[in-house]
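Right, one structure below, let's go through it.
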Number of protein chains: 2
Amino acid sequence: MGLEERRKRERENRKTAILRAARRLFFEKGFKSVTVESIARKAELSKGSIYLYYKGKEEIYAHILLNDIDKFHDRISDLLINPISASEVLIRLSSIYVDFFLNDRELFRILVRFMLHTPDMNLPEDLNNHIIKTTNKTISVIEQVFIYGIEKGEFQATLNLRLNRNAIWGMLNGIISLHLFTGIEKNRADIIQNTVKAGLEIYIRGISTALQAR
Amino acid sequence: MGLEERRKRERENRKTAILRAARRLFFEKGFKSVTVESIARKAELSKGSIYLYYKGKEEIYAHILLNDIDKFHDRISDLLINPISASEVLIRLSSIYVDFFLNDRELFRILVRFMLHTPDMNLPEDLNNHIIKTTNKTISVIEQVFIYGIEKGEFQATLNLRLNRNAIWGMLNGIISLHLFTGIEKNRADIIQNTVKAGLEIYIRGISTALQAR
DNA sequence: AGAACCGCGGTCAATATATGACCGCTGGTC
DNA sequence: GACCAGCGGTCATATATTGACCGCGGTTCT
């Protein structure tokens, strides 16, 4: 209700307005071909004002990445709260994964390049660390699901965690990459989701104890 | 989407924020005992800023009156769009009238003093004219209802328009004044509404053709 | 190759907006 | 009638915003 409070609130609003504007632009054009001027216009500000809120174009980009990565990690982590079965969690996880990156190709591109150790731009040190840390935490969720599945007797106890984690991870990225590369559009997302789901179910069958029981 | 546009929009937002803040204060304390500083605080601005948007306290008050009067007139005018019967319109009109002024005592006080030609403050010339004009238009709605009633054969054709208009108008104001004066509160509004409705129905019976038919 | 040019990220003097200490007046108190 | 308190309104100061401008890296022209 105060006066200081109002200015603070308005400052935050400006910052998020810039982020929202920039996010849409980066999403559809990529980092390089988005100009600061265009961000300013979309945020209904002048170019100079952008620099009152962020150090520069790169920092804006960094914030967007951080937001997206954290949001993604949160969505994935939520799966562990009330797991029904390990298989189910894996399937949901994949669905979230695919959905997220089909809506955020730019982030996907960044993360893939990160994984391949060929980043295409210099991000600030701490952002780099954050990305690596959060990505690892997210990947480790898959491992945790495997552990949970083994504990519940759902998966074979002899499962190689790292190997299987990498397999799932790779499969997801592969399918997404393939579809993005071949230019499939967002409104065909269901096709991709079905492809992933089908592949995953076969994969899960391969590592489940049910197979052994027969 | 533009930049000029954003600033214009924000200016309007500030103006309405001030008006909203001021309205609440005026409503509960009356014109004199509301300080500009208190309006500024409620609108989360400094006192000086208020004067960037309005010439002064009086102008703010004037705008509030204008808004309220126009809104009131609109609500009353809407009744003429799809009239069911003249009696029904009169009853609805009275209900809106009472409801409106129970929620806006300050405006009621002003308008009554206007009608009695004893305004308690000097308002700008054009505001004065607007109030008089709009008030007359609103009063004339009652006359139009009578005319409509006569045309539909609902009321006696010999009805004296001005006399009956004044009677209704006076009755409404009288009942509201009485209740405001005796300190009845807003949450007892139903009692006032029922009083008005009962009185009005008797009045309408008095001027309706149905009586003659018996 | 290198000259000439262009477009962009980033800067900064100029402008617009917001603030609150201050002024003069008024109405009340002793 | 001298004092005071409290208010509406002002204005020098502080903060926020703007867009013309700068320099640099990349691209085209000769």
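Chain naming here is simple, since letters A, B, ... match the order of the sequence lines and numbering starts at 1 in each.
The interatomic distance linking Tyr51(B) (OH) with dG20(C) (C1') rounds to 13 Å, in whole Å. Atom CD1 of Ile60(B) and atom C1' of dG9(D) are 12 Å apart (whole Å). As rounded to whole Å, 14 Å separates atom P of dT17(C) from atom NZ of Lys8(B). If you take CD of Glu37(B) and P of dA5(D), they are 18 Å apart, rounded to a whole angstrom. If you take NZ of Lys57(B) and C1' of dG9(D), they are 12 Å apart, rounded to a whole angstrom. With rounding to whole Å, Tyr61(A) atom OH is found 14 Å from dG9(C) atom P.
Between Lys8(A) and Glu12(A) there is no salt bridge, since no side-chain nitrogen of the basic residue lies less than 4.0 Å from a carboxylate oxygen of the acidic one. Salt bridge annotation for Lys42(B)-Glu28(B): absent, with no cationic side-chain nitrogen under 4.0 angstrom from a carboxylate oxygen.
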Please list each protein N or O that sits under 3.5 Å from an N or O in nucleotides 15-24 of chain D, with the distance.
{"from": "dT17(D)", "atom 1": "OP1", "to": "Arg14(A)", "atom 2": "NE", "distance (Å)": "3.2"}
{"from": "dT17(D)", "atom 1": "OP1", "to": "Arg14(A)", "atom 2": "NH2", "distance (Å)": "3.2"}
{"from": "dT17(D)", "atom 1": "OP2", "to": "Tyr53(A)", "atom 2": "OH", "distance (Å)": "2.4"}
{"from": "dT18(D)", "atom 1": "OP1", "to": "Arg6(B)", "atom 2": "NH1", "distance (Å)": "3.0"}
{"from": "dT18(D)", "atom 1": "OP2", "to": "Ser46(A)", "atom 2": "N", "distance (Å)": "3.0"}
{"from": "dT18(D)", "atom 1": "OP2", "to": "Ser46(A)", "atom 2": "OG", "distance (Å)": "3.3"}
{"from": "dT18(D)", "atom 1": "OP2", "to": "Ser49(A)", "atom 2": "OG", "distance (Å)": "2.6"}
{"from": "dT18(D)", "atom 1": "O5'", "to": "Ser46(A)", "atom 2": "OG", "distance (Å)": "3.2"}

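Under the side chain to side chain contact (heavy atoms under 4.5 Å, CB included) criterion, Asn67(B) pairs with Leu19(B), not counting sequence neighbours. Partners of Ser87(A) by side-chain hydrogen bond (donor to acceptor under 3.5 Å, both in side chains), not counting sequence neighbours, listed by chain and number: Glu154(A).
With Val98(B) as the fixed residue, the side-chain contact (heavy atoms from CB on, under 4.5 Å) test singles out one of Ile176(B), Asn103(B), Ile175(B), Thr195(B): Ile176(B). Of the listed residues (Val196(B), Leu102(B), Ile168(B), Leu172(B)), just one forms a side-chain contact (heavy atoms from CB on, under 4.5 Å) with Tyr97(B), and that residue is Leu172(B).
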